[in-house]
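Notes follow the structure.
Position 1 is the first residue of the sequence, and the numbers go up from there. When a ligand or atom number is given, it counts from 1 through the structure's own listing order.
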Amino acid sequence: MSKLFRAVIMGPPGSGKGTISERIAHSFGLKHISSGDFVRENIAANTEAGVLAKAYMKKRLLVPDHVMTRLLLPRLEEMTKYSWLLDGFPRTLAQADALNSICDLDVVINLNIPLETLKERLRHRWTHPSSGRVYNMYFNPPRIQGLDDITGEPLIQQEDDRPEALVARLRHYKDIAKPVIDLYKAKSILYTFSDTETDRIWPNISTLLSTKIPIVQSDARCASTH
Ligand SMILES: Nc1nc2c(ncn2[C@@H]2O[C@H](COP(=O)(O)OP(=O)(O)O)[C@@H](O)[C@H]2O)c(=O)[nH]1
Ligand SMILES: Nc1ccn([C@@H]2O[C@H](COP(=O)(O)OP(=O)(O)O)[C@@H](O)[C@H]2O)c(=O)n1
């Protein structure tokens with residue numbers, strides 16, 4: 001049986017988690033689970049947890065831990081046969097503890113990007129709401145301005161990415177991420193990458209994963225639902 005790999009990518013909004021996750025999924029064949037996209041899908045589908053999450057997102061608050069874990073853990077438990085990369089979860093220590101109770105992580109990628117860079121990127125981030133695809137008007141612009149490359153549907157600027165919401169969001173991220181980062185550092189699975197450019201970070205992440213993925217030993221380290 002092939003070896004399974006469990007990775008988390010963390011970093012503040014705008015740090016490039018989605019962009020780098022796509023490259024990792026493409027190059028290493030991991031399933032990419034974006035917690036933000038998953039929350040948005042649940043909101044769109046009006047699931048019980050989606051309805052709860054919506055109220056918080058509307059107020060620009062983080063979705064509470066019990067709602068996030070209720071959403072994400074069953075999703076992960078469906079994925080016991082796959083290697084995966086989890087993006088945007090855990091965000092808090094309680095979420096990290098919940099994740100720890102169902103699986104052992106192999107690698108945590110931590111993106112450490114200067115505040116000014118984050119602000120600049122998010123000001124120019126445009127999203128295709130139904131797929132979660134993101135563009136940046138300078139870094140990776142859509143082929144036709146304002147329209148998604150694949151579907152041709154309109155792009156939007158997410159409420160959260162507007163400059164007024166940003167600084168508080170970024171500050172809040174730092175406070176709650178610190179104990180999560182410390183936890184993974186103590187477990188010796190944390191790899192931090194600091195730069196202003198994704199294209200300079202990517203070769204280092206790619207090298208790290210090429211050394212890690214082949215040597216994972218176990219078959220299925222996440223608890224199974226059956
Ligand atoms: N200028 C620039 N923009 C980038 C770079 N890497 C990612 N982006 C853009 O920055 C925004 C945030 O990236 P994203 O992957 O959505 O970050 P996330 O919020 O951590 O998932 C998006 O619009 C990306 O297209 C980079 O190296 N330079
Ligand atoms: N672990 C998580 C992940 C997402 N979320 C919510 O989902 C939103 C979108 O998540 P995201 O990962 O796409 O966006 P960023 O905040 O990273 O840009 C967040 O701003 C939070 O409101 C959360 O509360 N807790």
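Taking only nitrogen or oxygen atoms, main chain and side chain alike, Gly14 reaches within less than 3.5 Å of ligand 1. Not one N or O of Asp87 is nearer than 3.5 Å to an N or O of ligand 1, by distance alone. Polar contact check, Gly18 against ligand 1: a nitrogen or oxygen pair lies under 3.5 Å apart. For ligand 1, none of its N or O atoms has an N or O atom of Pro13 under 3.5 Å away. Between Asp199 and ligand 1, not a single N/O pair is under 3.5 Å apart. At least one N or O atom of Arg169, backbone or side chain, sits closer than 3.5 Å to an N or O atom of ligand 2. In terms of polar-atom proximity, His124 is not counted as a contact of ligand 1, lacking any N or O under 3.5 Å from an N or O of the ligand.
Nearest protein heavy-atom neighbour of atom 1 (N) of ligand 1: Phe139 CB, 3.6 Å. In this structure, atom 23 (C) of ligand 2 lies nearest to the protein heavy atom Leu62 CD2, 3.7 Å.
Partners of His124 by ring pair (Phe, Tyr, Trp, His ring centres under 6.0 Å), not counting sequence neighbours, listed by chain and number: Tyr138.
Between atom 3 (C) of ligand 2 and the options Ser35, Pro12, Ala53, the minimum heavy-atom separation is to Ser35. For atom 12 (O) of ligand 2, the nearest non-hydrogen atom from the set Arg91, Gln95, His172 belongs to Arg91. Nearest to atom 25 (N) of ligand 2 by heavy atom, out of Arg125, Lys54, Met68, is Met68.
A salt bridge links Asp182 to Lys178: one of the charged nitrogens lies within less than 4.0 Å of a carboxylate oxygen.
Within ligand 2, the atoms closer than 4.0 Å to a non-hydrogen atom of Gly88 are 1 (N), 2 (C), 3 (C), numbered from 1 in the order shown. Residue Met57 has at least one heavy-atom neighbour below 4.0 Å for each of these atoms of ligand 2: 7 (O), 8 (C), 22 (O). Residue Lys17 approaches ligand 2 through these ligand atoms, each under 4.0 Å from one of its heavy atoms: 17 (O). Against a heavy-atom cut-off of under 4.0 Å, Arg40 is close to the following atoms of ligand 2: 9 (C), 13 (O).
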